[in-house]
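The block underneath contains the structure these notes are about, expressed in structure tokens.
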4 protein chains.
Amino acid sequence: MSRPASSDAVPPLDDAPPDAASGLTPRGARTRARLVSAARELFERQGYLDTNVNDISSAAGVAYGTFYIYFTSKEEVFGEVVRDMHLQFRAIASAEPRQGSDAASLIERANRGFFRAYQQTAAMQRIMEQASTVNPRLAMERREANRYWRDRARRAITGWQIDGVVGRDIDAVYAANALGAMIDRFAYLWFVLGETHEFEVAVEQLTHLYCNALGIPHTLKLSPHEF
Amino acid sequence: MSRPASSDAVPPLDDAPPDAASGLTPRGARTRARLVSAARELFERQGYLDTNVNDISSAAGVAYGTFYIYFTSKEEVFGEVVRDMHLQFRAIASAEPRQGSDAASLIERANRGFFRAYQQTAAMQRIMEQASTVNPRLAMERREANRYWRDRARRAITGWQIDGVVGRDIDAVYAANALGAMIDRFAYLWFVLGETHEFEVAVEQLTHLYCNALGIPHTLKLSPHEF
Amino acid sequence: MSRPASSDAVPPLDDAPPDAASGLTPRGARTRARLVSAARELFERQGYLDTNVNDISSAAGVAYGTFYIYFTSKEEVFGEVVRDMHLQFRAIASAEPRQGSDAASLIERANRGFFRAYQQTAAMQRIMEQASTVNPRLAMERREANRYWRDRARRAITGWQIDGVVGRDIDAVYAANALGAMIDRFAYLWFVLGETHEFEVAVEQLTHLYCNALGIPHTLKLSPHEF
Amino acid sequence: MSRPASSDAVPPLDDAPPDAASGLTPRGARTRARLVSAARELFERQGYLDTNVNDISSAAGVAYGTFYIYFTSKEEVFGEVVRDMHLQFRAIASAEPRQGSDAASLIERANRGFFRAYQQTAAMQRIMEQASTVNPRLAMERREANRYWRDRARRAITGWQIDGVVGRDIDAVYAANALGAMIDRFAYLWFVLGETHEFEVAVEQLTHLYCNALGIPHTLKLSPHEF
DNA sequence: GATGAATGAGGCTTCATTCAT
DNA sequence: TATGAATGAAGCCTCATTCAT
């Protein structure tokens, strides 16, 4: 396939400064970092609702009021933690080695990268789900982030249609939405809700279903498990 | 295909008495019903967390304490509302007319019924998502309910494999999970998060992707929208 | 000793009718009795504060409102239960066989009877202690009941002083109060708070202390336990 | 008698820090002290059950929530108030001047000190009785404190038995329990339930009964009141 | 920069008693 | 007699945020 997958360049998620610590003294930056780190740990362990500002500042080893020097609210730290997590997610997903440039290979790589990243950020994924059902602003930010992935997929599918790899009867928007939803939710059931799956089998089976759905040729390497 | 889709007989959702009003006088039953109804409306409008017992009893036109005659907690009414909603969901989904007995027709009918039911219970679906991220017990109950649909799909796929309609390279468990997740999450994005889709197009496209994924022959009746 | 111990005739504890069921139909009397019995069981098991009217009527197998046909308040049933218990207490204490008419024998018999009765009404004694610290009216009734025993003791001591068995340096009022307090509180520590004592040893030791305190000759039958 | 009464060194009441205000700023310590003081006053005036956190914080002149900065519950402040009261009690009792080292003198001094201390802490004694019938944890703490006094008495009696002042027919454990109960309960009837007694007469009469009970020689200085 | 004390509205639940049937 | 639904005041505790030092 000549059409390159869109670059992994990371678009800004929102209007936060890329380096939130700018304008702080080194000491201030350290305090701030300790707060973010403590917040993430607590959010992951206890959830968004059950973590309070008291816990966070205690865990960071600073006074209660210090928290409000760096953040205006609990929501704000959470936003920061989520941004960090998105960066980590993309870093992990991007680190997945490329195996080929045909559609099936790209899809498999994307799925493997996605699952890998999801697995390593599972605790935060659970919490983001919770927080975004509670806080509308977080829900919106989350949808923005999803749109990014969705658009990438839609552009890729459209490209494959131009190349003739995917049939014209497929609506690229629906397909991108539906297949994205499939991968995303499967990961949630797997890593957050605790369904048990074999990593490589999951990658292969979901890639198979994904390719089949689009009419992209794909052959399994592993032998089937059931029957 | 001779293999019949599993019957639409509705299994018991849990061990709650079918008629929760048993042992109540007509007056009591009326009050209880008013509470459940008020609770559902408020949950749908304000969410699980932002609805409190005070709101519910006020809306039902009874005193605060009256609520606790019929329910031991907010969680408990919520459970009842959810049960009601499940019954409604299944009723709507089952009402979808059968068009044929081939795999593609069965899948299309199931998808159309699912979307129809989801659309009409969208408000509660949003709230259930919220409540289940907050309350572990509700999360568990929710997974149980999902398991029921997942198992139905898995059995159907296995049946089609025996019939030779679906290839043996597909793992029925993974496929049922993944495609169920696709339909489920797509409906959530659509009806809860507000993505805009055309009903019949969505049914057709998702059925197409579903069938393709399993290798089941399926032809679109509507013309593609993009390009 | 010629002076007879005051008779065991039971004085009225308060203005309640001796037979509270008077003026009730047989059916009403039965219902009332069931309520009193259920109330006593629950008070003994759960304490005064943790027993509510709902519990009582449920346990008695009658409707909530029925309770208020027979009693005007929780306090009132409690009063009735206490009266029953007092009757029981006196019955047990009076049943103790007389062994002799000398002061030491009378004291020993009184102590043995008191401990025997206390032991068998221990559960209610605990609850009365609780209730009387909470409800001033009950506290007063309780003091009245105590006064009865105190007066008996005072009259006996005064009698023994006239007879020359007890010295004139003893103030009968102080002695009756103090020694009554000793017996009463010792029983509480023993049967309610759970100190472990041997019944006959306790009777003998406390009788010994009691007699010694008053200068009444008394010899132990059991061998001493310690040293 | 050469055997000295055990020293008046005050043992730790429990594992609470001697200075509960450690780790607080002066301002915090002041607020905390105001809360404890307000709590004690209210407990004494209204009882344990009828005093609520709202009352306490209002009386201390702070907001409702401020209470929960310093204490986790009403039970906890109560514990603190009780500890303070125990310290006060021991201080008063220990301040009683020594008159001689013979058994009778020691007993008289102990009784006088006990009554003096009880009299000055009467309000809290009443409340502790109430609270300990309601709250099992407080009941246990109270028994621990009593055990301390009981053990002192038992050791003293055993010592006097070794010295030959008290006969071997007395069981030191029973005697310590019974005579302790006598003093304790007499004080309760007197200072809490409002029986009227003359201070010095009470000291002398109860000391007389106490000594007589143990066979310790004791002569009254005051003339008898009755007859 | 940092501290930590103070705020107070808000939510949940209990229960003695009344009252219409 | 008996029923059981209805009442609503009262109490406990949490926690995001502000502010004086």
Side-chain angles (χ1 to χ4, degrees), chain A residues 24-32 49-58 61-76, chain B residues 23-32 49-57 60-75, chain C residues 24-32 49-58 61-76, chain D residues 23-32 49-57 60-75:
Chain A
L24 293 179
T25 64
R27 179 186 172 197
R30 240 177 303 132
T31 302
R32 192 193 148 92
L49 291 170
D50 290 344
T51 295
N52 56 41
V53 177
N54 194 359
D55 293 341
I56 297 174
S57 31
S58 294
V62 301
Y64 203 157
T66 303
F67 177 89
Y68 285 92
I69 296 172
Y70 298 101
F71 305 99
T72 65
S73 66
K74 183 167 100 167
E75 190 187 329
E76 200 179 276
Chain B
L24 292 180
T25 63
R27 182 185 176 200
R30 236 178 304 132
T31 302
R32 192 194 146 91
L49 291 171
D50 290 343
T51 297
N52 55 39
V53 175
N54 194 3
D55 294 340
I56 296 174
S57 37
V62 299
Y64 201 141
T66 302
F67 176 89
Y68 286 93
I69 297 174
Y70 300 101
F71 305 99
T72 63
S73 65
K74 183 168 90 168
E75 188 186 331
Chain C
L24 293 178
T25 66
R27 180 186 174 201
R30 239 178 305 130
T31 301
R32 190 192 150 91
L49 292 170
D50 290 344
T51 295
N52 54 42
V53 176
N54 194 0
D55 293 341
I56 297 174
S57 31
S58 294
V62 302
Y64 203 156
T66 303
F67 176 89
Y68 285 92
I69 297 173
Y70 298 101
F71 305 99
T72 65
S73 65
K74 183 167 99 168
E75 189 186 330
E76 199 179 277
Chain D
L24 292 179
T25 63
R27 183 187 175 196
R30 238 177 304 134
T31 301
R32 192 193 146 93
L49 290 171
D50 290 343
T51 296
N52 55 40
V53 175
N54 195 1
D55 294 341
I56 298 174
S57 36
V62 300
Y64 199 136
T66 302
F67 176 90
Y68 287 94
I69 297 174
Y70 300 100
F71 305 98
T72 63
S73 65
K74 182 168 89 165
E75 189 186 331

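Naming: A, B, ... by sequence-line order, numbering from 1 per chain.
Residues passing the salt bridge (charged side-chain N to carboxylate O under 4.0 Å, His left out) test with Glu75(C) are Arg137(C), sequence neighbours excluded. Checked against ring-ring contact (aromatic ring centres under 6.0 Å, His included), Tyr70(C) has no partners two or more places apart in sequence or in another chain. The side-chain contact (heavy atoms from CB on, under 4.5 Å) check on Arg30(C) picks up Arg27(C), with sequence neighbours excluded. Taking the side-chain contact (heavy atoms from CB on, under 4.5 Å) definition, one finds that Asn54(C) meets it with Asn52(C), Ser58(C), Tyr64(C), sequence neighbours left out. For Phe71(C), the ring-ring contact (aromatic ring centres under 6.0 Å, His included) partners two or more places apart in sequence, or in a different chain, are Phe67(C). In this view, Ile69(C) and Thr66(C) satisfy the side-chain contact (heavy atoms from CB on, under 4.5 Å) rule, not counting sequence neighbours. Take Ser73(B) and apply the side chain to side chain donor-acceptor pair (under 3.5 Å) test, not counting sequence neighbours, and it matches no residue.
Between Tyr70(A) atom OH and dA16(F) atom C1' there is a gap of 20 Å when expressed in whole angstrom units.
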Next item on the list: State the dot-bracket string of DNA chain F. Criteria: Watson-Crick or G-U wobble, both atom distances under 3.5 angstrom; notation: ( ) intrastrand, [ ] crossing earlier pairs, | interstrand, . unpaired.
Entry: .||||||||||||||||||||
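Using a 4.0 Å cutoff to heavy atoms of chain C, the contacted part of DNA chain E runs 5' to 3' from dC15(E) to dT18(E).
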Item checked: Heavy-atom protein contacts under 4.0 Å, nucleotides 10-15 of chain F, coded B base, S sugar-phosphate only, - none -> -SBBBS
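Of the inter-residue distances, the one linking Lys74(C) atom NZ with Asp55(C) atom CG reads 9.0 Å to the nearest 0.5 angstrom.
Taking 4.0 angstrom as the limit, Arg32(C) places none of its side-chain polar atoms (N or O) nearer than this to OP1 or OP2 of dT1(F).
Under a 3.5 Å cut-off, the side chain of Ser57(A) and the backbone N or O of Val53(A) do form a donor-acceptor pair.
Mapping Gly61(C) and Val62(B) onto DNA chain F by nearest heavy atom places Gly61(C) closer to the 5' end of the strand.
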Next item on the list: Show the numbers, then the answer: is there a side chain to side chain contact (heavy atoms under 4.5 Å, CB included) between Thr31(D) and Leu24(D)?
Entry: CA-CA 10 Å; Thr31(D) 301; Leu24(D) 292 179; over 6 Å; no
